[in-house]
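Okay, structure first, notes after.
First listed ligand is number 1; within each ligand, the first listed atom is number 1. Since we're looking at a predicted model, the values are computed, not measured.
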Amino acid sequence: MRKKYICGNWKMNKTSSEALEFAKEINDFDFDRVDILIAPSFVTLESLRKNLKDEIKVAGQNVSEFEDGAFTGEVSTSMLKDIGVKDVIIGHSERREKFSESDEIINAKVKKALADDLSVILCLGESLEIKEEGKEIDFVRDELLNSLDGVDDLENLTIAYEPIWAIGTGKTCSSEDAENMCREIRNVIDEKYGEISQQIRILYGGSVKPSNAGEILSKENIDGVLVGGASLKASDFIEIIKAGENL
Ligand code: PEP
């Protein structure tokens with residue numbers, strides 16, 4: 001059975017001191033039925049990792065596709081690994097839209113991260129325009145296959161389906177629509193990769209909060225959530241974790 005996975009993406013929020021306050025609150029909370037991950041800013045990663053209890057993982061929100069060299073402002077896989085980070089989010093829609101990361105760039109990042117033994121959370125999701133045209137299934141399928149082009153082993157991969165129109169907007173995709181898309185994603189993985197489709201975790205992200213987490217997490221093909229806004233307040237994030245624990 002796939003263990004539920006509760007992930008927080010802090011985006012460009014929280015200084016290191018604020019992150020430590022959060023760590024103190026969440027460290028007091030005991031859980032054992034879900035996996036938990038938090039992706040803070042790069043500058044906070046090392047101190048957060050040292051101050052969070054070991055059961056909670058930390059992840060980069062992005063990583064370079066290059067090994068090293070003249071790439072001002074970028075962070076490499078070895079830099080993450082050197083400070084004990086083992087996970088990274090790749091292809092978040094804000095990276096795709098605001099920093100022009102194409103499927104090709106995302107694919108290069110996924111391959112680099114997996115080759116360097118990082119676990120990857122690969123984000124996919126359609127815009128409102130595509131949804132309104134009724135083309136979301138084809139779009140997400142293409143995004144998935146393009147992002148995984150040339151990737152043979154999915155053991156260290158998690159997928160996050162995050163419809164762009166539901167991110168930070170307060171509009172949640174209905175749990176039925178989220179479940180349908182996550183099932184489609186699993187079917188595409190099954191067609192291309194076979195049995196691993198039953199083990200890979202597929203998360204939903206987009207305005208998840210304490211009030212809707214339980215329903216979303218109860219769906220058969222939704223193995224966890226990627227949470228932005230509601231992961232910033234420890235008490236809200238703990239409520240979401242509890243929703244996963246209490247299933
Ligand atoms: C996200 O940033 O991945 C996200 C889902 O944000 P929010 O929960 O705020 O919609």
field: Heavy atoms of other groups near K86 NZ, more than 12 under 6.0 Å
entry: no
The residue among I216, N212, V34, I6 that forms side-chain contact (heavy atoms from CB on, under 4.5 Å) with I240 is I6
Which atom pairs, one a donor and one an acceptor, fall under 3.5 Å between side chains of residues 151-161 and the rest of the protein, sequence neighbours left out?
from, atom 1, to, atom 2, distance (Å)
D153, OD1, E155, N, 3.0
Y161, OH, E126, OE1, 2.9
Y161, OH, E126, OE2, 3.0

Under 3.5 Å, side-chain donor or acceptor atoms of residues 219-227 against the rest of the protein: list the pairs with distances, not counting sequence neighbours.
from, atom 1, to, atom 2, distance (Å)
N221, OD1, R186, NE, 2.7
N221, ND2, E179, OE2, 2.9
D223, OD1, R2, NE, 2.8
D223, OD1, R2, NH2, 3.4
D223, OD2, R2, NE, 3.1
D223, OD2, R186, NH2, 2.7
D223, OD2, I202, N, 2.9

Within the 4.0 Å heavy-atom cut-off around ligand 1, the contacting residues, ordered by chain and number, are N9, K11, H92, E162, A166, I167, G168, G205, G206, S207, L226, V227, G228, G229
Closest heavy-atom pair, G60 versus L45, reported as atoms and distance to 0.1 Å, is CA-CD1, 4.1 Å
Sorted by chain and number, sequence neighbours left out, salt bridge (Lys or Arg N to Asp or Glu O under 4.0 Å) with E46 holds for K50
